[in-house]
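Any value given below was found using the heavy atoms of this structure, including those in side chains, with hydrogens, waters and symmetry copies removed.
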Amino acid sequence: MLAGALVGLPASLPAAASAPGTAASAPDAPSTASVAGAPAAAALPTEDRTPGLRYVEDVVYAVDLAGAAVHVTHTITLTNEVPNRVTDAYVERTYWPEIGVPVLVGATGLSARSDGRVLSVRTGDSNGYVVAAVIDLVPDLYFGDTQTVTLTYDLPQQPPRSGAAAQVNTAFATFPVFTSADPGLASVTVTLPRGVGVEVVGSPLQITETPDAIVLSGSALPDDFFATIVARDDDALVSRDLTFGDALVRVQAWPGDDVWLDFASDLLDRGLPALETAIGIDWPVDGRLDVVETVSPYVYGYAGWYDPSSRLIEVGDALDAHVMLHEVAHAWFNQGLFEGRWINEALAEEFAALAMVDLGMERPVPDGAPGPGQPLNEWGNPTLDAPETDEREAHGYAASWWVARTLVEEIGPEAMADVVQAAAAQRSPYAAATSDDRLRRVADWRTFLDLLQEVGGSADAEQVFRDLVVAPSEVPLLDERAAAREAYARLVAAGGGWAPPAFVRGPMADWDFAAATAAMPAAAEGFERRDAVLDLLGDAGELGLPVQEDVEAAASPGELADLLDRVEAAAEALVAADAAVGGANPLARLGMLVVDAETDLAAARAALRDGAYESAADAARGAEVRVGTATVVGGGLVAAVLLLVLVLVALVLRRRRGRGVPPPPVAWQGTPPPPPAAWQGTPPTTWRPGA
């Protein structure tokens with residue numbers, strides 16, 4: 001995260017803080033008015049910061065972490081090279097009564113000596129970073145004179161957050177190294193305790209080790225020499241461990257800076273869960289995360305940074321919640337999630353701001369729409385010593401955050417979290433609901449744009465990208481994409497809830513719009529054939545989810561055509577079978593009481609819904625065959641019933657005839673009964689056995 005420009009020394013503080021004096025004398029004539037002012041410098045080299053004065057300097061910086069100080073010694077040899085100027089009556093002599101040496105603000109114990117003599121030292125002008133240590137030269141330095149001056153002072157520990165260019169404590173030291181000598185006439189030596197970590201930022205220095213120290217050195221330095229030394233002994237930091245689920249976070253602060261330690265510990269303890277909730281992805285760091293207080297990022301112009309490979313966050317001593325949460329957010333937003341620096345910086349900045357709201361803090365917002373600048377797709381890792389770096393970094397951070405903030409305002413933080421989660425899962429922006437399409441690459445700006453529109457539902461993303469993201473050479477690609485997406489939208493509408501086949505979605509996700517567009521007619525024809533099948537089926541059947549899955553998964557037009565051939569064949573067989581069952585004659589319907597065609601028909605419908613097209617066709621044909629069989633069976637059943645009826649009728653008639661013939665009487669044995677009473681009327685017929 002950008003903090004500001006690198007600390008440099010101003011040209012307005014030259015080595016000679018006071019102008020040389022001019023004296024005049026007339027050995028052969030009476031004195032007149034002297035000529036005031038310094039000698040002209042037009043003919044002198046422009047890079048010479050002390051025209052007319054040969055300035056040789058050797059600067060030694062001794063880092064004393066145990067004493068929390070840096071001891072500095074300047075050994076300066078000055079030679080006046082401005083010749084006396086003789087006029088008709090006068091000799092004009094240029095001299096230096098004093099010399100100004102730039103030292104860092106906060107330097108203490110300023111002391112100067114020359115040839116064993118103590119020289120007077122006072123402080124002069126300052127620009128906030130350096131101040132002129134003005135040394136009274138004794139004697140004044142005239143033409144041809146040489147004088148060696150030794151200036152010593154200390155750079156002591158400064159309070160945290162003081163803004164001092166030099167910071168030193170028992171665990172850490174950083175300070176700029178510079179000289180005021182003429183080009184090629186300067187040397188620098190920095191000594192540090194063995195065992196400390198050392199980094200040189202800026203102009204290079206040679207690093208050697210002795211039995212007692214680490215030595216950095218450089219000689220014959222150019223006029224633009226400037227370096228910053230960073231020395232650290234992390235073992236001397238004060239640590240506090242935090243737990244976050246199964247994760248361990250170790251906060252490491254400078255000794256004595258309990259304010260920062262408390263601030264960072266409390267913020268991380270509450271902020272990590274807030275970030276995890278806002279992003280919707282579990283804490284991604286395996287192992288311990290170290291958060292270290294250091295001004296090392298400041299040296300490069302940043303407020304902090306995160307190194308995923310070492311699980312290390314380094315932030316400055318400022319009590320800045322947005323900076324701290326921004327760096328922690330990089331645990332999620334790094335090159336493992338999105339390819340493209342600006343995307344990760346934008347999302348880290350925005351989700352850190354969202355987490356602050358969840359923590360009850362005021363939400364930071366961008367300063368406004370950025371002005372013209374480098375397209376974000378061209379914003380890569382900076383070249384720190386390039387003159388345009390500061391401007392590009394400032395624009396990159398401002399523009400990227402503005403993009404993220406603008407889109408979150410449009411679609412909402414939850415939708416943006418959905419976009420991030422889709423990218424983390426490497427889901428295709430053009431995935432079908434029935435598939436789990438995955439990209440085989442880390443998402444880049446193209447996938448980010450697709451996800452913003454397809455997952456996040458953004459209507460503004462494309463124009464935002466055109467305004468701030470894409471390079472001029474990429475604009476035609478966006479134009480091609482816009483045309484392809486219009487055609488794709490028509491295809492989606494034709495799908496009626498079914499996604500286009502994979503042979504269209506894949507090229508769309510890969511931004512191969514020529515291939516995607518060329519494949520769309522085959523996909524549209526496929527949807528037309530599907531609609532025809534649905535019309536054919538009517539109420540006789542349906543196409544279930546497995547059929548949709550097969551259509552959406554088709555990897556080529558040929559595969560889709562073959563699939564639909566099988567679907568149509570199964571549908572035609574099903575319709576024919578349904579017609580046969582529905583139009584069965586009475587004999588067939590009677591036969592279907594024995595021959596179960598309905599079961600085969602139901603099986604055919606189920607198989608078609610399940611995408612078992614051959615099984616569906618076979619079952620449908622089986623049902624149709626069973627209808628024919630049922631007719632024969634029905635006829636047989638009718639004949640059998642008729643035969644049974646005839647048999648039953650015959651039996652009934654026979655039984656009825658058997659009831660009209662009395663059985664033969666049994667012969668009477670014994671005395672006959674007495675005759676009946678006299679009969680009145682026609683006497684009955686007398687029956688006798690054997691009659």
Side-chain angles (χ1 to χ4, degrees), residues 1-8 10 297-298 300-305 320 322-323 326-327 329-330 333-335 337-354 363-411 413 416 419-420 423 443-453 456 458-483 485 511 513:
M1 182 176 182
L2 187 68
L6 297 177
V7 175
Y298 292 172
Y300 293 91
Y302 300 90
W305 50 47
D320 192 325
H322 194 207
V323 169
H326 172 104
E327 298 309 331
H330 276 304
F333 302 116
N334 52 64
Q335 293 299 313
L337 179 58
F338 282 105
E339 177 186 332
R341 182 186 178 199
W342 76 266
I343 305 175
N344 293 306
E345 293 296 345
L347 294 174
E349 195 83 329
E350 180 61 15
F351 276 97
L354 293 172
R363 189 200 198 289
V365 295
D367 293 334
Q374 184 183 36
L376 288 175
N377 277 350
E378 295 180 351
W379 184 44
N381 293 326
T383 302
L384 294 178
D385 57 354
E388 68 278 5
T389 292
D390 287 349
E391 181 179 353
R392 287 186 175 181
E393 289 292 276
H395 175 79
Y397 278 101
S400 61
W401 186 16
W402 191 87
V403 168
R405 175 61 178 149
T406 299
L407 295 173
V408 166
E409 284 183 332
E410 179 203 1
I411 66 176
M416 183 62 80
V419 168
V420 171
D444 58 9
W445 70 272
R446 300 172 303 171
T447 303
F448 187 39
L449 176 57
D450 284 342
L451 290 173
L452 284 167
Q453 294 181 290
S458 173
D460 300 336
E462 181 180 332
Q463 188 58 52
V464 171
F465 273 54
R466 286 179 179 272
D467 293 341
L468 291 171
V469 174
V470 299
S473 61
E474 295 166 331
V475 171
L477 183 60
L478 279 186
D479 295 338
E480 185 181 358
R481 174 182 182 270
R485 281 180 59 83
W511 283 46
F513 301 120

| Residue pair Glu349 / Ser400, side-chain heavy-atom distance below 4.5 Å | no

| query | In Å and rounded to the nearest 0.5 Å, what is the CD to OH distance from Glu327 to Tyr302? | reply | 11.0 Å

| said: Is any side-chain heavy atom of Glu462 closer than 4.5 Å to one of Arg481? | reply: yes

| task | Report yes if the side chains of Val470 and Leu477 come closer than 4.5 Å at any heavy-atom pair, otherwise no. | result | no

| remark: All heavy atoms of Asp460 vs all of Glu410, minimum pair found to be N-OE2, 3.2 Å

| So with a 6.0 Å cut-off around CD of Glu339, is the heavy-atom count from everything else above 12? | no

| message | Looking at Asp444 and Thr447, would you say the former's side chain and the latter's main chain have a donor-acceptor pair under 3.5 Å? | response | yes

| remark: To the nearest 0.5 Å, atom CZ of Arg341 lies from atom CG of Leu376 at 10.5 Å

| query | Rounded to the nearest 0.5 Å, how far does NE2 of His395 lie from CG of Asp390? | reply | 14.5 Å

| query | Does the pair Leu449 and Val469 meet the rule for a side chain to side chain contact (heavy atoms under 4.5 Å, CB included), with working shown? | reply | CA-CA 10 Å; Leu449 176 57; Val469 174; over 6 Å; no

| request: Step through it carefully: locate the ring centre of Trp401, locate the ring centre of His322, and say whether they are under 6.0 Å apart. | output: yes

| query | Which pair of non-hydrogen atoms, one from Thr389 and one from Pro382, has the smallest distance, and what is that distance? | reply | CG2-CB, 3.9 Å

| query | Looking at CZ of Phe448 and CG of Leu337, how far apart are the two atoms once the value is rounded to the nearest 0.5 Å? | reply | 9.5 Å

| task | Taking only Lys NZ, Arg NE, NH1 and NH2, and the carboxylate oxygens of Asp or Glu, determine whether Arg363 and Glu409 approach each other closer than 4.0 Å. | result | no

| said: To the closest 0.5 Å, what do you measure between CD1 (Ile343) and CG (Asn334)? | reply: 12.5 Å

| message | Can you give me the closest heavy-atom contact between Ala443 and Ala423, atom names plus distance? | response | CB-CB, 4.2 Å

| message | Does any part of the side chain of Glu378, heavy atoms only, come nearer than 4.5 Å to the side chain of Ser473, both counted from C-beta? | response | no

| query | Backbone N or O of Ala471 within a donor-acceptor pair of the Glu474 side chain at under 3.5 Å? | reply | yes

| According to the interplanar angle, ranging from 0 to 90°, do the rings of His330 and His326 count as parallel (below 30°), tilted (30 to 60°) or perpendicular (above 60°)? | perpendicular

| said: So which atom in Pro297 and which in Ala303 form the shortest heavy-atom distance, rounded to 0.1 Å? | reply: CB-C, 4.0 Å

| said: Testing the basics here: between Ser458 and Gln453, what is the closest heavy-atom pair and its distance to 0.1 Å? | reply: O-CG, 3.6 Å

| field | From Phe465, Trp379, Trp445, Trp402, residue fulfilling ring-ring contact (aromatic ring centres under 6.0 Å, His included) relative to Trp342 | value | Phe465

| remark: d(Arg485 CZ, Asp450 CG) to nearest 0.5 Å is 6.5 Å

| Do Asn344 side-chain atoms and Phe338 backbone N/O form a donor-acceptor pair below 3.5 Å? | yes

| field | Within-4.5 Å side-chain heavy-atom neighbours: Arg466 and Asp479 | value | yes

